[in-house]
2 protein chains.
Amino acid sequence: MSLSTSDRSLLEPAIRRLNALRPLSTEARTALEYALLEGLQRAGSAEDLISEGDPVDSVRLVLSGWLCRYKTLEDGRRQIVNFIFPGESCDAHAFLLSVMDHSIAAMTQVVYSEIKRARFEALVAGDRSLAEAFWCETLVNNAIQREWAINLGRRVALERVAHLFCEIFERLRPVGMVEGNSCIMPVTQMDLADATGLSVVHLNRTVQELRSSGLIVLRERTLTINDLDALKDAALFSPSYLQLYRRG
Amino acid sequence: MSLSTSDRSLLEPAIRRLNALRPLSTEARTALEYALLEGLQRAGSAEDLISEGDPVDSVRLVLSGWLCRYKTLEDGRRQIVNFIFPGESCDAHAFLLSVMDHSIAAMTQVVYSEIKRARFEALVAGDRSLAEAFWCETLVNNAIQREWAINLGRRVALERVAHLFCEIFERLRPVGMVEGNSCIMPVTQMDLADATGLSVVHLNRTVQELRSSGLIVLRERTLTINDLDALKDAALFSPSYLQLYRRG
DNA sequence: CGAGTTCTTGATCCTACTCAAGAAGCGTGG
DNA sequence: CCACGCTTCTTGAGTAGGATCAAGAACTCG
């Protein structure tokens with residue numbers, strides 16, 4: 001059995017990202033690729049992959065599409081606490097805990113791979129580089145979550161939205177989802193509001209402010225950043241927490 | 001060489017907490033205890049243990065005292081993104097990443113133990129239960145960070161402060177730092193403001209609202225929660241994210 | 001083409017911020 | 001033990017950033 005070209009291109013972003021976090025051995029890479037191909041799944045837009053309170057017994061790795069992690073309060077208030085992009089895992093090792101503390105929803109059509117607990121454990125037990133890559137992933141995730149705390153707690157609306165756009169752009173870049181100064185932005189303004197802790201109305205006005213100052217163009221589900229440095233300045237954005245250049 | 005009684009009582013909260021996350025083997029426990037005793041350190045109140053941008057090459061485990069993780073913006077705005085309590089580690093495996101993305105400050109006198117990278121790696125490589133306990137710790141930390149996102153993004157001031165008090169109380173309980181319905185609260189209102197994303201003035205007014213409604217007493221660096229259930233209701237607090245009862 | 005989202009705009013309200021200053025607490029040194 | 005300075009807490013007054021309410025426009029999609 002060997003991998004076809006289409007298999008390779010499907011897996012490529014995920015493998016590339018893990019490999020950037022921690023160089024994978026050839027064997028680990030191959031073992032992972034086969035495991036991924038065996039567990040392929042699809043989810044439709046707006047579908048919940050897993051919900052708060054659900055038990056976890058597998059690891060999902062996203063191959064294409066956008067997802068988000070979110071939590072809700074009893075009265076319906078909702079906060080998107082993070083996005084999940086291709087190459088990222090939904091819940092590596094999360095089965096060590098009993099249940100999900102949050103929900104994960106697909107925001108677009110999604111292709112992912114589900115690896116059962118035992119299989120995943122065997123994979124990471126068999127190769128140190130793979131275990132470390134997943135470790136790193138969790139740590140980076142943690143760092144992003146901390147940055148979201150300061151975003152929600154201390155930045156004003158304009159900075160907050162600008163920061164979110166910068167982060168999305170920089171996270172999409174290494175998985176090949178940025179072209180020139182544009183990337184897809186397949187989410188509604190309500191989603192952006194829930195990610196920035198703003199009301200939809202105020203998010204809309206803030207986006208328009210960014211538009212009219214010429215920093216961004218956002219239309220037809222595409223975000224174009226005219227002047228990334230200027231947007232970063234407006235956002236007080238400093239990308240080190242993303243650990244993108246660990247090996248540079 | 002054997003452990004004295006005072007050694008044991010010093011290490012007890014940390015060991016107990018790790019053990020609650022994942023039952024430790026006797027050998028792992030002993031090996032960890034010796035490593036901890038060899039790396040004992042102290043830090044004074046308001047001292048930074050490590051700062052954003054610093055390289056990391058060791059793991060610190062807190063034995064007594066309170067710390068916080070915080071980030072700052074260029075113009076001085078500061079957000080405390082989490083607290084660190086006895087039994088928790090500052091940066092398990094953080095050396096897998098290049099540098100700290102945030103700072104860690106002591107809020108009281110702190111006793112902690114520093115384990116150098118190689119030593120730590122040998123410890124977790126030698127015992128699966130220990131590795132898993134530290135894994136779990138990171139995952140719980142991650143979950144707490146997510147809850148902070150919804151706290152900062154979607155709860156109003158009163159809920160936010162009430163939620164913080166509930167969380168602190170529930171996190172201090174399993175390490176024996178709660179007596180009756182009281183726990184220490186050795187932080188200034190400015191710190192609480194930075195943790196809740198509020199201004200000092202508004203935090204103060206919010207605390208007074210909680211006081212005058214009879215929910216809490218906060219004086220002389222002690223927090224007393226008169227009616228925990230009522231406070232939880234006011235905070236929309238649901239403790240499952242803390243994973244306190246994983247084995248129950 | 002029609003119904004349901006999503007986006008946009010206007011008007012009003014209110015939560016939380018800022019500025020300012022006094023009170024209380026606390027540590028240090030005389 | 002008290003005086004002094006510094007930090008922390010508290011209160012008042014005015015402001016503003018962002019929420020809410022409401023309704024129309026533009027876009028999807030069956």
Side-chain angles (χ1 to χ4, degrees), chain A residues 44-47 73 75-80 105 107-109 151-164 184-213 216-223 234-236, chain B residues 44-47 73 75-80 105 107-109 150-164 184-213 216-223 234-235:
Chain A
S45 186
E47 187 179 317
L73 299 179
D75 61 7
R77 276 174 283 175
R78 170 173 175 262
Q79 177 69 41
I80 292 181
M107 322 208 71
T108 64
Q109 292 281 106
N151 207 33
L152 293 164
R154 288 301 185 208
R155 284 193 184 86
V156 298
L158 193 87
E159 296 165 342
R160 229 184 267 188
V161 176
H163 190 277
L164 182 66
I184 59 159
M185 182 65 57
V187 300
T188 65
Q189 294 197 355
M190 210 181 105
D191 294 324
L192 293 174
D194 283 344
T196 49
L198 300 170
S199 67
V200 190
V201 172
H202 198 64
L203 177 103
N204 180 276
R205 292 195 226 265
T206 307
V207 166
Q208 285 178 58
E209 209 177 321
L210 286 170
R211 276 203 267 249
S212 64
S213 66
I216 64 159
V217 177
L218 178 60
R219 63 154 190 261
E220 289 160 14
R221 307 274 117 140
T222 300
L223 171 70
L236 303 176
Chain B
S45 186
E47 187 179 319
L73 299 179
D75 62 6
R77 278 174 281 176
R78 170 172 175 261
Q79 177 70 42
I80 292 180
M107 321 208 71
T108 63
Q109 292 281 106
I150 189 166
N151 206 33
L152 293 165
R154 288 302 185 207
R155 285 194 183 85
V156 299
L158 192 88
E159 297 165 342
R160 228 184 268 186
V161 177
H163 190 278
L164 182 66
I184 59 158
M185 181 65 59
V187 299
T188 65
Q189 294 196 356
M190 211 183 104
D191 295 324
L192 293 174
D194 284 343
T196 50
L198 300 170
S199 67
V200 190
V201 172
H202 198 61
L203 177 104
N204 179 276
R205 291 194 227 267
T206 306
V207 165
Q208 285 177 58
E209 209 178 323
L210 285 169
R211 277 203 266 247
S212 65
S213 65
I216 64 159
V217 177
L218 178 59
R219 62 154 192 261
E220 290 161 14
R221 307 276 117 140
T222 300
L223 170 70

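In what follows, chains are A, B, ... by sequence order, proteins preceding strands, each numbered from 1. All values below come from the heavy atoms of this structure, side chains included, with hydrogens, waters and symmetry mates left out.
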Less than 3.5 Å between a donor and an acceptor, one on the side chain of A:R205 and one on the base of D:dG17, is that the case here? no
Answer whether the closest heavy-atom distance between the side chains of A:E159 and B:R77 falls below 4.5 Å. yes
Sorted by position of nearest nucleotide on DNA chain D, 5' first, the leading residue of A:S199 and A:E220 is A:S199
In whole Å, I'd like the distance from the CG atom of A:N204 to the C1' atom of D:dC27. 14 Å
When rounded to whole Å, the CG to C1' distance for the pair A:D194 and D:dG18 reads 15 Å
Can you give me the first and the last nucleotide of DNA chain C (5' to 3') that has an atom within less than 4.0 angstrom of a non-hydrogen atom in chain A? C:dT6 to C:dA11
A:L203 CG to A:Q208 CD distance, which is reported to the nearest 0.5 Å: 10.0 Å
Where is the tightest heavy-atom contact between B:L164 and B:A195, given as atom of each residue plus distance? CD2-CB, 4.1 Å
When you measure from the side chain of B:R211 to the backbone of B:V217, do you find a donor-acceptor pair of N or O atoms at a distance under 3.5 Å? no
Just how far, in rounded Å, is C1' of D:dT28 from CZ of A:R221? 10 Å
Using a cut-off of 4.0 Å on non-hydrogen atoms, how would the nucleic acid contact of B:T188 be classed: base, sugar-phosphate, or nothing? sugar-phosphate
Can you tell me which residue among A:T206, A:N204, A:D194 is in a side-chain hydrogen bond (donor to acceptor under 3.5 Å, both in side chains) with A:Q189? A:N204
Within the structure shown, what part of the strands sits under 4.0 Å from A:R160 by heavy-atom distance: base, sugar-phosphate, or nothing? nothing
Round to a whole Å and report the spacing from CD of B:Q208 to C1' of D:dG12. 12 Å
Between B:V201 and B:T206, name the one whose nearest nucleotide on DNA chain C is closer to the 5' end. B:T206
Note: B:D75-A:R154 ion pair, threshold 4.0 Å (strictly below): no
Nearest-angstrom distance from the residue atom CG of A:L198 to C1' of D:dA16: 15 Å
Length of the line joining B:M107:CE and D:dT8:C1', which is rounded to integer Å: 14 Å
Could you tell me the separation between the CZ atom of A:R219 and the P atom of D:dC27, rounded to a whole number of Å? 11 Å
Report the distance from atom CD of A:Q79 to atom CD1 of B:I150, rounding to the nearest 0.5 Å. 6.5 Å
